[in-house]
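Below is one structure, written out as structure tokens; the observations come after it.
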2 protein chains.
Amino acid sequence: MTASSAPPASSDPERLPTIRDIAERAGVATSTVSRALSNPQRVNARTRERIEKIAAELHYVPSSQARGLSSGRTGAIAVLVPDVTNPFYFDIIRGTQNQLKASGYTQLLVDTEEATDVELEALRRLRRTADGIILAASRLTDAQLAEAARQQPLVTINRATADAPTVLIDTPGAMVQALEHLASLGHSKVTYVGGPTSSWSTHRRWKAIEEAASRRGMEVTRIGPYSPKTSSGAAAADAALRTGATALIAFNDLIAIGMLQRFRERGVRVPEDVSIVGCDDIFGADFCNPPLTTIASPIEQAGRTAVSMLLAQLDPLRGGMPRKLAVMPTHLQIRASTGPAKA
Amino acid sequence: MTASSAPPASSDPERLPTIRDIAERAGVATSTVSRALSNPQRVNARTRERIEKIAAELHYVPSSQARGLSSGRTGAIAVLVPDVTNPFYFDIIRGTQNQLKASGYTQLLVDTEEATDVELEALRRLRRTADGIILAASRLTDAQLAEAARQQPLVTINRATADAPTVLIDTPGAMVQALEHLASLGHSKVTYVGGPTSSWSTHRRWKAIEEAASRRGMEVTRIGPYSPKTSSGAAAADAALRTGATALIAFNDLIAIGMLQRFRERGVRVPEDVSIVGCDDIFGADFCNPPLTTIASPIEQAGRTAVSMLLAQLDPLRGGMPRKLAVMPTHLQIRASTGPAKA
DNA sequence: CAAATTTTGGCAATCGCTTGCCGTTGCGGA
DNA sequence: TCCGCAACGGCAAGCGATTGCCAAAATTTG
């Protein structure tokens, strides 16, 4: 029963210090250390300071695992995006990343590969691993989404549902602007180049366009679906040309940029022969050739907002009345890919 | 008993099933369930199947927290990049993401904001949270890196060190190619537009250029440092012009693209007045105006390789002889931003 | 000055899973 | 028939923190 059971400072370079090590050094119980560190006002200031000092000396880092196990929270938020390589999601990810870090959360990034089943599987696995989910452009059905939302705190981005808070980017609104812009340039025949069938956004956008067009007597057609990649642009461009439209609105900038390249190859001049409007104002939209007229919005802000809404949901006390819906404003960013209709 | 897509057959709809629930239902001990699920050959096939069946029925998902606590492994790998919004790192991230998912690991994405202290802090916190680290373009000193590598399994990307396995992209080699390309176009005065001082790569590239240039009697100068963003391009372009060089090699495509834009504004023609070579062949390099001659490499592959090397380090048994260094090949992707030197 | 509170801090029970250590079984060989 | 060896499965001790409950100490109150 040696009193001085050699509390080695750094004798064992491998083992990380635990609250127990701190407790021993401070001559208190582990519970006190735990409280001092994660519930400061629960402990006397002097004791706390002593403990904090020792913790710092030892370079103590709490085990999120252990903490999670006993507290039930993991300190991680999962962000699910259909495709990590799509620049649109970069901005979302940057937004969530910033806001999460600021709030002391860890970001789990998951690529769902635009596939429903991958998404479902991820959701299932994350049930235990994350405190909440941010689901960007979900491919899930309403029922699946409702189910998921029942299981764990969830915020969707660009996918409305009554069952979870949502951050929407008001692209449909901007689609109308885009149409007006085209109309004022003399275009009367417009083609919408649609995105993936499973995308909620593409339907929403098409509906907005269709409606706005019929109101002002413009003729709109729709082609697609196309995968949201620049490589789909070639096929899209060829198909778009066959519709005889003088102006094109693309599901997103990726497709639009792909079309731009294809038109260049085929000697179709933009905007002289055909005008193109993209959507999202992604990285590259301003320096492609010609620079793309597109629908811009604070995407990064959308990511941040989603995080805020999720955290508010996680602890309803602090966040105040949690919002159920946030709509991010959009505006038409006019560049050089749109011009007067061909005579 | 509901027939189709039966909801979790549980008394308490909230509580997630644990191995204990399975054990009870199967009439075995929790240890058997644990083994059946994570160490299959340790358990009789019949028992295992029964357990697996029940687990499936219950939609059992193991708690990575609990598993981590007792096993010491977290099942997560952290990927640290200086800037999540830099397209170069997005390709890395995509690579690591794919490979990690394939290996059953979770990816923790961390943005170190190009800052040493953020990087160090992240490393410290992750000590407990991740089984290993992939450190892209680390800003750490050799000593700090060595220390970090001692603390936990680590693989660096684009940052050589004797203390950890490394994936290198052979940009210096390609720099030489770039220089040759420029020489063959008649350029004799070249400026290197440098990246951040803390970047190991920028020094490495500069050295390669300097050496190659002196060998073939070309005159090279260096300007910078510039932050690796398109927005730095304007200042870089102006400064580059003042050097009187007819060809520019940029630290990366971001800067190069920014310069392209600035030159366009200023009425400087590329490549007629000045040639530009970028580096990385990021998203956008092929469709900017003019398309950028740049140094391409399998970046995504680099990410995958890094993961492989890390996993090999984690369990040395399976991975075989772990490699200490992987060099990814590069090649000069010639596009339209380079042309004959002005007479 | 005693009683009523409020602070502090300790005890010990978890959280869900892994794993070292053993006791049972079943089976082939002597 | 009996023994030894695997194979199989159970027990129970953790992993590192959190937290409800309770007692001692400090403080306020009557």
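Please read all numbers here as calculations on a predicted model, not as lab measurements. Protein chains get the first letters and strands the later ones, always in sequence-line order, with residue 1 at the start of each.
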B/V28 has a side chain; which of D/dA17, C/dG10, D/dG10 sits nearest to it?
D/dG10
Grab the N/O contacts between the protein and nucleotides 19-26 of chain D below 3.5 Å, and write none if there aren't any.
| residue | atom | partner | partner atom | Å |
| --- | --- | --- | --- | --- |
| D/dG20 | O6 | A/R35 | NH2 | 2.6 |

B/N44 side chain N/O closer than 4.0 Å to the phosphate oxygens (OP1, OP2) of D/dC8?
yes
Let me know the distance between CG of A/L58 and C1' of D/dG16, rounded to the nearest Å.
15 Å
Starting from P on C/dG16, measure out to CG on B/D21 and report it in whole angstrom.
9 Å
Residues in side-chain contact (heavy atoms from CB on, under 4.5 Å) with B/T106, at least two apart?
A/L108, A/R125, B/A76, B/L108
Would B/D142 and B/R159 pass as an ion pair if we require N to O under 4.0 Å?
yes
Applying side-chain contact (heavy atoms from CB on, under 4.5 Å), can you list everything that pairs with B/P165, at least two apart in sequence or on another chain?
B/V155, B/M309, B/Q313, B/K324
Less than 3.5 Å apart, which donor and acceptor atoms pair up between the side chains of residues 26-38 of chain A and the rest of the protein, not counting sequence neighbours?
| residue | atom | partner | partner atom | Å |
| --- | --- | --- | --- | --- |
| A/S38 | OG | A/S34 | O | 2.8 |

Quickly work out the B/L69 CG to D/dA13 P distance and round it to whole Å.
17 Å
Whole Å only: how far is the CZ atom of B/R15 from the P atom of C/dT14?
14 Å
Atom-to-atom span, CZ of B/R73 to C1' of C/dG16 - whole angstrom:
15 Å
To the nearest 10 degrees, how far apart in direction are the end axes of the helix from C/dC1-D/dG30 to C/dA30-D/dT1, each fit to five base pairs?
40°
Test salt bridge (charged side-chain N to carboxylate O under 4.0 Å, His left out) applied to B/E24 - qualifying residues, sequence neighbours left out
none
Taking DNA chain C as the partner, which of residues 46-55 of chain A come within under 4.0 angstrom of it by heavy atom?
A/T47
Round to the nearest Å and state the distance from A/E24 atom CD to C/dG10 atom C1'.
15 Å
Sorted by chain and residue number, the salt bridge (charged side-chain N to carboxylate O under 4.0 Å, His left out) partners of A/E49 (sequence neighbours excluded) come out as none
Could I get the full list of side-chain contact (heavy atoms from CB on, under 4.5 Å) partners for B/N98, not counting sequence neighbours?
B/R94, B/E300, B/R304
Hits for salt bridge (charged side-chain N to carboxylate O under 4.0 Å, His left out) against B/D21, two or more places apart or cross-chain, chain-then-number order -> B/R15
In whole Å, what is the span from the CD atom of B/Q65 to the C1' atom of D/dC15?
13 Å
What is the distance from CD1 of A/I19 to P of D/dA17, rounded to the nearest Å?
5 Å
Any residue meeting side-chain contact (heavy atoms from CB on, under 4.5 Å) with A/T161, in chain and number order, not counting sequence neighbours:
A/L145, A/T156, A/D163, A/A164, A/T166
How long is the gap from CD1 on B/I157 to OH on B/Y89, to the nearest 0.5 Å?
9.5 Å
Residues which pass ring pair (Phe, Tyr, Trp, His ring centres under 6.0 Å) with B/F90, listed by chain and number, not counting sequence neighbours:
A/F90
Whether B/R20 contacts C/dG16 is assessed here as follows: a side-chain N or O lying under 4.0 Å from the phosphate OP1 or OP2. Is that the case?
no
